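Worth saying up front: this structure is predicted, and the values here are computed from it rather than measured.
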Amino acid sequence: MNQATREVSPLDLSSCDKEPIRCPGSIQPHGFLLCLSDQLSLLQASDNLATHTGVAAELAVGQPLAAVIGNEAARVLASELHSGKIGTRPSYLGTINLANGAGFDVLGHGYDSLLLLEFEASERGAQADFRHLFPLVSEFLLALPSAVSVEAMSDLAARQIRSLTGFGRVMVYQFDQDGNGHVMAECRADGYPSYLGQRFPASDIPRQARELYVVNRIRLIQDADYTPARLVPETNPLSGRPNDLSFAALRSVSPVHLQYMRNMNTLASMSISLMLKGQLWGLVSCHNAAPCPLAFDKRSACEQLGQILSLSIESRENAAQLQFRLDVRRVMVSMLAGLTNGADFIDNMSSVFPGLLKFARAGGVAIVVDERVISYGEAPSHEQIGDLVAWLNVHNHDDLFHTDKLSAQYAPAADFTHNASGLLAMRISRIHRHYLLWFRAEVVHTVDWAGNPHAKDAGRSAQLTPRTSFATWRETIHGTSAPWHNGEIELALEFRTALLGIALERAEQMAELAAELGRSNKELEAFSYSVSHDVGARLRHIVCSSDLLMTSAADSDGATRQRFLANIKDSARLAGKLVDDLLSFSQMGRAALRPVAVNIADLVKGCIDKLSADVGERNLEWQVGELPGVRADPAFL
């Protein structure tokens, strides 16, 4: 629904990111600020001091604290300030009454070499009583376990905070990966427009404001129509620089934001940071159509509720992520078991394609090994995949690349957004073009914005002005996929490590096999030499005896010829038996051995006898020592 807006003059700013929001030089005027030295003399004061105390800021500077707020009030605060409990974050020092009878809650903190005291008007009397707030926190703690989702927990917090503060609308929103705020819970009074389910663009909260939300977890703007109260003097006398008011509750805020509030028909607001694991996860944003004072005790209770909500969300998300990682790891372990079966990497990977899709919740997957591409499921063409990998090889040097808007980074992907708007690319080798790619299809969806985030006010391009309409504006988003889960990214890196481990183990196995083959080749060479020697010796006996038989055929007696023929027959028989034994050994292996007790001395004597034919006229003396008995197969020996 459209909302009424005011006509305002352009603000003298050109960029939110350049605005010095930590050092505005002023405070909100519903209280006053005093900057003290360690001796509790005034070094600076806000220029609205006279309105609250009757003492002009210019006259107060240089005076002791008691001269400004009275002796009794100064005595109470001095006791707290000298207790050693003052830190960089504001702490409650007490509720005091000035000499004029006005009551103030006093907050104090140390920053930039100064003691900063903030006095907020209070109607509670001399001392605040926070006991009535404890049951509210306890009630919230008791109700949280029954909330079934983060949205339900956020709804409980919105209701509790609205009940405590009286704000007309309380929203809880989460920042998405682009910094846009998605409203997931809302509690509002009649007449306040609803923003539930809508998104506020990231540009609504500039960078330095987000950084400040991290260090200072709560911020109140009591009246957006206020006139800032400036500091006197303008700079810190000790440093000569503008005062850093990052932690000051009264810190003045950006005039751009004040105009933003007025455009939204909001005159009071409070923001509570929701921090998860040190990161700004979201905000509790409270709005009111009229000015709305809120005492420190209630703000503190709201900040505590925000901290409890943050811890509860973190615990719930941790449990969900743990379960998600367990489910994905089961798929990964199953795949890794299948990858150890074969020797070929691509064949192994392609055998677990269904598991790869399930692992990354993807629609398509592809393996690229140099110029070879194998794909499965809904994936781009092989030519498109090859071009994509060539782009990745040049523009991405990380082990893992992921995006849910591929065409925004790689323009040619616009041709295949229907099946590859999202990409998770794993580089397997840093030397070769080896990649594992997962693809996610386009998810066309609509986003309801609280006002058109792309609209520009005519004639105001040179000046920064917040948008003037928060009417629902619907946008259809194309070219994006479902985002990649942090658990998927982490486990993909773990999967890559496991793949490299398998490859390393396979390389070690191949190296060991090569070494074994080398040893076997050497043994084979020795064995071949032994065989050729033994068979050759038998054949030489046959040739030698045949020659002798032929040359002595005419003049030798029958006994000599018979001896030559016997040698020929014996050598041929032994050669044949050696060949038969070798054939038997090669076919039957070591199981064919028939070991028995063997007398090595007899075996050597037999060998010497067989060599006698080769001795001829040479005079050989054999020296054979004492030899042991062995258990072996005599034939193979």
Side-chain angles (χ1 to χ4, degrees), residues 150-151 173-184 195-205 207 210 276 279-282 317 320-321 324 328 356-366 375-381 384-385 387-392 395-396 398-427 435-456 467 472-493:
V150 172
E151 289 78 7
Y173 60 83
Q174 176 188 3
F175 294 122
D176 64 20
Q177 59 182 355
D178 297 320
N180 305 310
H182 177 219
V183 181
M184 60 172 51
Y195 296 105
L196 184 63
Q198 297 188 29
R199 292 179 188 266
F200 288 81
S203 57
D204 280 5
I205 306 178
R207 172 190 50 77
R210 291 176 189 264
L276 269 68
Q279 302 295 318
L280 185 64
W281 181 91
E317 288 197 348
Q321 289 182 9
F324 178 85
V328 175
L356 287 171
L357 290 184
K358 187 177 180 182
F359 171 78
R361 297 185 299 173
V365 64
S375 61
Y376 179 80
E378 295 294 324
S381 68
Q384 290 170 329
I385 292 174
D387 293 340
L388 174 60
V389 166
W391 175 80
L392 286 170
H395 294 88
N396 176 63
D398 296 329
D399 294 332
L400 208 65
F401 171 84
H402 62 92
T403 177
D404 57 359
K405 304 180 185 68
L406 180 57
S407 59
Q409 300 186 52
Y410 176 64
D415 295 334
F416 48 84
T417 55
H418 62 287
N419 58 7
S421 289
L423 171 67
L424 177 60
M426 178 195 298
R427 183 195 294 267
Y435 280 86
L436 179 57
L437 310 172
W438 286 277
F439 303 101
R440 279 185 178 169
E442 179 183 36
V443 179
V444 179
H445 60 286
T446 59
V447 174
D448 289 336
W449 296 97
N452 184 351
H454 311 297
K456 301 291 183 182
R467 66 181 186 279
T472 300
W473 187 80
R474 178 163 292 178
E475 181 179 17
T476 302
I477 307 297
H478 294 273
T480 65
S481 71
W484 300 99
H485 192 283
N486 286 338
E488 291 167 332
I489 305 302
E490 293 173 10
L491 287 170
L493 288 171

**Item:** Between Q198 and T472: side-chain donor-acceptor atoms closer than 3.5 Å
**Value:** yes

**Asked** Can you tell me how far OH of Y435 sits from CD1 of I385, rounded to the nearest 0.5 angstrom?
**Response** 14.0 Å

**Request:** Find out whether the Lys NZ or Arg CZ of R361 is both under 6.0 angstrom from the six-membered ring centre of W438 and within 45° of the ring's axis.
**Result:** no

**Asked** Does R474 come within less than 4.0 Å of D448, counting only side-chain N to carboxylate O?
**Response** yes

**Prompt:** Residues in side chain to side chain contact (heavy atoms under 4.5 Å, CB included) with E475, at least two apart?
**Reply:** W449, H454, W473, I477

**Nearest non-hydrogen partners of G479 and S407, listed with the distance** = O-OG, 4.2 Å

**Request:** Check whether any side-chain heavy atom of E317 lies under 4.5 Å from a side-chain heavy atom of L276, and answer yes or no.
**Result:** yes

**Prompt:** Stepwise, does the side chain to side chain contact (heavy atoms under 4.5 Å, CB included) test hold for L388 with F439?
**Reply:** CA-CA 12 Å; L388 174 60; F439 303 101; 4.0 Å; yes

**Message:** Between Q384 (side chain only) and S381 (backbone N and O only), is there a donor and an acceptor less than 3.5 Å apart?
**Reply:** yes

**Message:** For E378, I'd like to know if atom CD has over 12 heavy atoms of other residues, nucleotides or ligands within 6.0 Å.
**Reply:** no

**Asked** Given side chains that start at C-beta, do those of D387 and P412 come closer than 4.5 Å, heavy atoms only?
**Response** no

Show me the donor-acceptor pairs, under 3.5 Å and distance only, between side chains in residues 174-182 and residues at least two apart or in other chains.
residue : atom : partner : partner atom : Å
D176    : OD1  : D178    : N            : 2.9
D176    : OD1  : G179    : N            : 3.0
D176    : OD1  : N180    : N            : 2.9
D176    : OD2  : N180    : ND2          : 3.4
D176    : OD2  : R199    : NH1          : 3.2
Q177    : NE2  : D404    : OD2          : 2.6
N180    : OD1  : A202    : N            : 2.8

**Prompt:** Do T476 and V447 touch side chain to side chain, with heavy atoms closer than 4.5 Å?
**Reply:** no

**Complete:** Heavy-atom nearest pair, S481 first then A441, reads CB-O, 3.3 Å

**Prompt:** Shortest non-hydrogen contact from W484 to A360?
**Reply:** CZ3-O, 3.5 Å

**Request:** Taking the side chain as every heavy atom from C-beta outward, state whether I489 and L400 have any pair of such atoms under 4.5 Å apart.
**Result:** yes

**Message:** side chain to side chain contact (heavy atoms under 4.5 Å, CB included) for V444 and T480? Distances and angles first, verdict last.
**Reply:** CA-CA 7 Å; V444 179; T480 65; over 6 Å; no

**Item:** Flag side-chain contact, heavy atom, 4.5 Å: F200 against V183
**Value:** yes

**Pair E488 + R440: basic N to acidic O under 4.0 Å** = yes

**Prompt:** Are Y173 and Y195 close enough that their ring centres sit under 6.0 Å apart?
**Reply:** no

**Shortest non-hydrogen separation from L406 to F416 and the atoms involved** = CD2-CE1, 4.0 Å

Can you give me every donor-acceptor pair (side chain of residues 417-426, partner residue at least two apart or in another chain, under 3.5 Å) with its distance?
residue : atom : partner : partner atom : Å
N419    : ND2  : A379    : O            : 3.3
S421    : OG   : T417    : O            : 2.6

**Item:** Heavy-atom closest contact (Q409 atom, T403 atom, distance)
**Value:** NE2-OG1, 3.2 Å

**Prompt:** Quick one: does F359's side chain get under 4.5 Å of V328's, heavy atoms only?
**Reply:** yes

